[in-house]
Every structure is written in C-alpha cells, then in structure tokens.
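Read through the structure below, which is laid out as structure tokens, and then see the notes.
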Amino acid sequence: MAARPTFCISTAIPYANGRPHIGHAYERIATDAIARFQRLDGRDVFFVTGMDEHGLKMQQTAAREGVTPQELADRTAAQFLEMGDALNARADHVVRTTEPRHYAASQAIWTKMQERGDIYLAKYSGWYSVREEAYFDESELTPGHDGAKNSPNGTPVEWVEEESYFFRLSAYGDRLLAHYDANADFIVPDKYRNEIVAFVKRGLQDLSISRTNFNWGVPVPGDDKHVMYVWVDALTNYLTACGYPDENAPDWRFWPADAHVIGKDITRFHSIYWPAFLMSAGLELPKQIVVHGFLFNRGEKMSKSVGNVIDPFTLASHYGVDQMRYFFLREVPFGQDGNYSHEAIVNRVNADLANDLGNLAQRSLSMIAKNCEGRAPIPGALTEADQAILDQAWALADRSRAAMKDYALHHALGEIWKVVADANRYFASEEPWAKGKTDPERRGTILWTTAEVLRNVAIMAQPFIPTAAGKLLDLVGSASDAREFAHVGAAHKIAGGLTLPGPAPIFPRYVEAEEGAASGSPAGAKS
RNA sequence: GGGCCGGUAGCUCAACGGUUAGAGCCGACCGCUCAUAACGGUCUGGUUGGGGGUUCGAUUCCCUCCCGGCCUACCA
C-alpha cells in the first residue's frame, strides 16, 4: 500500500523561564489547527513542540526561586503540557532540551559542522555591561565619567574577552540568498522574507555559539569548558524530535519539516542561522518558515506593569476552548498582529458560532426530530436552490485547501462561514416550517439538504473547533470513520432514513454576567 | 540614517489598472416564528491619509509629504 505523505510541523520551543502566556497559546492553537487540517486531509502528521531549558537565565531564575534549574524546567514543562490539553492542542511529540537524546542530537550536529570546517575557536570580545548583562556595539556607547564609556542606558561598560567557538555564518550568505531565491515561499509572509533578504544582503558575521560563563547547557564535544550557546541547542530540537542523529529512526521520515511555525521575533534565527547550520551539517532544510504576529490586548502590548496580562487558561475556561480557538484564528489575519478584547470575542462567538452555526443546527435538526421521527428525511427531487447550497458545501474542501496552502487560516474559516450564512438564507427562504401541511415531502428535502450542508461544514470546521464540530457530526449521524476531508462531497452524503440522535446545543450564547459581579470579562477588563 | 509593511465605512477586513469602492460585525427600521430574543430583508455610513503625476480611466502604477508598526546580529 502506498504510504500517506508525511507532514511535519512544529511550534517554536518556549523558554522554560516562565508560565505560558497568550502568545504561546496562540501559536499552539494555530499550529494545532494546521496539523489537524493536514491530518484530516490524509497526511501522516507529526506535530512537534518542545521546551528550551538551558541558559544563564534559567540558572538565575532557578536560583532566585530557590530551586534547581532542572526543577524549574520540570515545573514549566508540566505547565505547557497542561496548556496543550487545556487548548485541545496537544502535540504528538515534545522535546525538552535537557533530555539526553537532545544532547546527543546537538553534539552530533555540532560535530558535523565542525568536520565541515565551519566551527573555530576564537576570542569573543566586546563592550559588556555587567549590570545589564549585555554586550553593546562601539557605536551605541555614550560617554561616561572621566572618559569612561556607558551603555545606551547609562550603565558602565567594560571591554571583555571570552573564549568562544564561532560558526562561520559569513560563508553562507550567498547560499542562503540563492535558497530564498529558488524557494519563493521559504519564509512567509513576504514581509518577513523581505526583511531577511535585506539583512543577509548586508553581509553576515560569524556567530558566537558557545559560552564559558555558565554551565547549564549542552557541553561542546571535546571541550567541556564550553556549553553550546542557545541557538545551536534550541534549534536542534527539531531534529531531535525526528530521531536525529539516528537516520534509521522511525520518525526520521518526517524530516525535513514542512513548516516551522514561529513568532515574528525569532524570524532571523529560523530563516538564517538554522538553514545555515543545516547546510553545514549536510542536512535537508525545512520547507517553510511560517511567521505569525503578536496579539495585543486592546492595542496595547501585554505587560505586567500595564496590568493587562491575560492567562490563557482563564480565557479558555471563561469563553470555552473552541470559542477561544475560533476567535483567534478567525479574527486575526494569520501572519499579522491582532487584537483581542472582551467585546470582540463576545461578538464573534455569539454572531458566528451561537447564532449562525449553532442556531442553524438547532432549528433544522429539531424539526427533523419532531417531524421526521428522528430520521434523516429521504430527499425528493432537488431544486436549483437545494443544489446550489449543496454544491457550495461540497466544494468546501477544495476552497479550504486553497486558503490553507498559504496558511490563510482566517480565509479558510471565512469560506466555511460563508456557506453557513448562505445556508441560513436558504433555510429562511425555503420556509420548511410552512410546508408541514402542504408539502411534507418538500419539507423533508429542505431539512435533508440543510443537514447535509451541516455535515460538510462540520467536517471542515474540525481543525479549528474540534469539540463542537465533532458534536455536530454526531448530530447529523456521521460515522466516526467518515469525518475526513475525503468524505466531503456528494459521494458520502447523508443516507435518507438514517437515525439521528436528536438535537443538542452546540454553542451556548455568551451572556454577560450581571452588573457589579466581580468576575466579568477577563479579556480587557479596563473600560 | 537605511530598509520592509501598512494607512479604505464606528470596528475587523476585501477589491487582475476598468461599471455607481464591497463584505461581516455594530446601529436603525421591517418581516418571520422552525430555532439558542435566534433567522431573513431594507437602510444609514467612505473626498480610499494629503498633494502631484502617468492613463481614456487610479484604492490599484510612479514621485513626494504626513502618520503608525516592524527590522537594522549574538535577548532567551
């Protein structure tokens, strides 16, 4: 039998320094939706996430909290695991960078790059501010007292030199540019591709890839004084997930990854450093770097000092998981920054989910339950109107695929909900409730048509609102093994006479809490 | 300073250089009653950031200015 095509997709690995926030949740939800979409479309999907658990900051945070770095890492990893469950967006595979197998993978790729001649030992030097724990370029410095130099923020800097291994990134500029050129959609959206191309064209410097001032990291092969500096370690998690360096591992068939889904802040690392490392190590490059934007609370960046930090767990439990997923994926054009607020979420959820879809299901299925003995009606001859709405529903798989090809999740949802809106128009203009006495067979045809539209809509909605879509599929009598995109279309239409379970609400309306209640709106409570 | 995005209805967004710039939400009114006070219909609402230019014709292409966001290497 022919193997299903593979599809490997990853989120970035969160730094294990703090709790999950809304940005992590958004990325996980979006990646999960894409993964589910591909899986329902027949691909053998490998959905990977991980935890970035090394580095100086981990040591410092752990020390401040009186725990070991490993304990801190364990705690945070558990929180992210919990987040995956809370969002119904569990990954297939989690790589933690403190795992022994990840040490093996990181050291293996390091060794490959070294054998290639791309790693060399030198002095890393620069103006360092002890207070800020950061290096500054000569051009950024400001004059201090007595001819001393200060950082841009006014703290004293000193010239320090540290032994470090370097990666010969400077040798890869042309090859990277050639790759961007030959693979126009290697970085999407274009906006970020343009930035990266401009950056590379200015010329690349070699990259410092080891540190000696802390030891919470992967040891450099053959030189234990050094630990790998964050990016070699962190990026390699994608390889670890696929079994590297064992190229006979069962999961190695998933490499190269089809998509690394990342936030716009780490575009450079994924689209310059990572491909260069892989080229050096003689490994295949991921097919696409898919960049998403940030979410803002009422236009403001989320921050503790503004007091507008929203916990993703709170959001999910307050509005509902599917509701939260739907809102983020529908309201925010994927790739751009977006906003969330209590009003916007309530509007979206009530208008699209409760009113348009939920109510359509409820009104049509309850008519079937009451008037058709709980069985799917046997449709008579189809009118033009019936055929038109059915054709739209049956075309949804293709239309959604077209949108998802460019990771336009919001467009895919737009296509689906356009059919829902038209189905409401269809239902209203056909007036099945008025046909009971005059033409019961016609009523049956209308109700069957509506149920069949719902079936197709529900199949296509599964990646985005998995629980509710599954419920709806139950209600229209869809067998559990007939819910893939391949089952969208006339060939798998609802059989007349099929017993249906009877209607049940899919999406409750969100009703505002009473005035003065302390709970209220978690997303943007400020008025 | 250099570069990249974007600026369209109150809000979120659409419009291969081509009829009177569209859609959803919000709002107002009407209708319907099967349904989750849901659904349908109608309407209100835009000098497409400003100014030039190219063109028979510009939201779309060019120039310029204004405004917003982002990138401009070692932050995990």
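Every heavy atom of this structure was used, including side-chain atoms; hydrogens, water molecules and symmetry mates were not. Predicted model only: the values in this text are computed from it and were never measured. Numbers restart at 1 for each chain; the letters A, B, ... are given by sequence-line order, proteins then strands.
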Item to complete: Could you check which of B/C74, B/U33, B/C5 has an atom nearest any side-chain atom of A/Tyr124?
Response: B/C74

Worksheet entry | Residues which pass ring pair (Phe, Tyr, Trp, His ring centres under 6.0 Å) with A/Tyr172, listed by chain and number, not counting sequence neighbours | A/Phe167

Response to the item:
Nearest heavy-atom contact between A/Arg96 and A/His102 is O-CB, 3.9 Å

Worksheet item: Is NZ or CZ of A/Arg348 both nearer than 6.0 Å to the six-membered ring centre of A/Phe327 and within 45° of the ring axis?
Response: no

Practice prompt. Have a look at A/Ser366 and say if it touches a base, only the backbone sugar-phosphate, or nothing, with a 4.0 Å heavy-atom cut-off.
Written response: sugar-phosphate

Practice prompt. Treating a pair as Watson-Crick (purine N1 to pyrimidine N3 plus N6-O4 or O6-N4) or G-U wobble (N1-O2 and O6-N3) with both distances under 3.5 Å, list the stems of 3 or more consecutive pairs that involve RNA chain B.
Written response: B:1-7 with B:66-72, B:10-13 with B:22-25, B:27-31 with B:39-43, B:49-53 with B:61-65

Fill in: Results of ring pair (Phe, Tyr, Trp, His ring centres under 6.0 Å) for A/Tyr165 - residues two or more places apart only
A/Trp110, A/His226

Return the polar atom pairs (N/O with N/O) between nucleotides 37-45 of chain B and the protein under 3.5 Å, or none.
unit_1 : atom_1 : unit_2   : atom_2 : d
B/A38  : OP1    : A/Arg509 : NE     : 3.3
B/A38  : OP1    : A/Arg509 : NH1    : 3.4
B/A38  : OP1    : A/Arg509 : NH2    : 2.9
B/A38  : O5'    : A/Arg509 : NH1    : 3.4
B/A38  : O2'    : A/Asn359 : OD1    : 3.3
B/A38  : O2'    : A/Asn359 : ND2    : 2.4
B/C39  : OP1    : A/Asp356 : OD1    : 3.4
B/C39  : O2'    : A/Arg363 : NH1    : 3.2

Worksheet item: If you look at every strand shown and take non-hydrogen atoms under 4.0 Å, does A/His410 touch a base, only sugar-phosphate, or nothing?
Response: nothing

Discussion item. Tell me whether the side-chain N/O atoms of A/Asn194 come closer than 4.0 Å to OP1 or OP2 in B/C5.
Written reply: yes

Item to complete: Would you indicate whether A/Ile378, at its atom CD1, is surrounded by more than 12 heavy atoms from other residues, nucleotides or ligands within a distance under 6.0 Å?
Response: no

Worksheet item: Contact class for A/Gly358 vs. all strands (heavy atom < 4.0 Å): base, sugar-phosphate, or nothing?
Response: base

Item to complete: Report yes if at least one side-chain N or O of A/Lys370 is closer than 4.0 Å to OP1 or OP2 of B/A35; otherwise report no.
Response: yes

Worksheet item: If we take the C1' atom in both B/G68 and B/C32, what is their distance in whole Å?
Response: 46 Å

Worksheet item: Between the side chains of A/Ser106 and A/Thr236, is a donor N or O closer than 3.5 angstrom to an acceptor N or O?
Response: no

Discussion item. Base, sugar-phosphate or nothing for A/Leu365? Non-hydrogen atoms, less than 4.0 Å.
Written reply: nothing

Item to complete: In whole angstrom, give me the gap between the P atoms of B/G2 and B/A15.
Response: 31 Å

Worksheet item: Is the CZ atom of A/Arg442 crowded by more than 12 outside heavy atoms at less than 6.0 Å?
Response: yes

Discussion item. Roughly how many Å apart are B/C70 and B/G10, using the P atom of each and rounding to a whole number?
Written reply: 26 Å

Worksheet item: At under 4.0 Å, does any side-chain N or O of A/Gln205 touch on OP1 or OP2 of B/A73?
Response: no

Worksheet item: How would you label the contact of A/Gly203 with the nucleic acid (heavy atoms, under 4.0 Å): base, sugar-phosphate, or nothing?
Response: base

Worksheet item: For A/Phe427, which contact category applies under a 4.0 Å heavy-atom criterion: base, sugar-phosphate, or nothing?
Response: base

Worksheet item: Using the C1' atom in both, what is the distance from B/U12 to B/U20, to the nearest Å?
Response: 25 Å

Worksheet item: Of A/Asp190 and A/Pro508, whose closest RNA chain B nucleotide lies nearer the 5' terminus?
Response: A/Asp190

Find every protein N or O atom lying less than 3.5 Å from an N or O atom of nucleotides 8-11 of chain B, and list the pairs.
none

Worksheet item: Out of curiosity, A/Leu357 CG to A/Tyr326 OH, how far, rounded to the nearest 0.5 Å?
Response: 9.0 Å

Practice prompt. Please lay out, stage by stage, how A/Lys123 and A/Glu162 fare under the test side-chain contact (heavy atoms from CB on, under 4.5 Å).
Written response: CA-CA 5 Å; A/Lys123 283 271 200 297; A/Glu162 184 189 348; over 6 Å; no

Worksheet item: Who passes side-chain contact (heavy atoms from CB on, under 4.5 Å) against A/Ala241, sequence neighbours left out?
Response: A/Phe46, A/Val48, A/His93, A/Val95

Discussion item. Any base atoms under 4.0 Å from A/Ile506, or only sugar-phosphate, or nothing? Heavy atoms, all strands.
Written reply: base

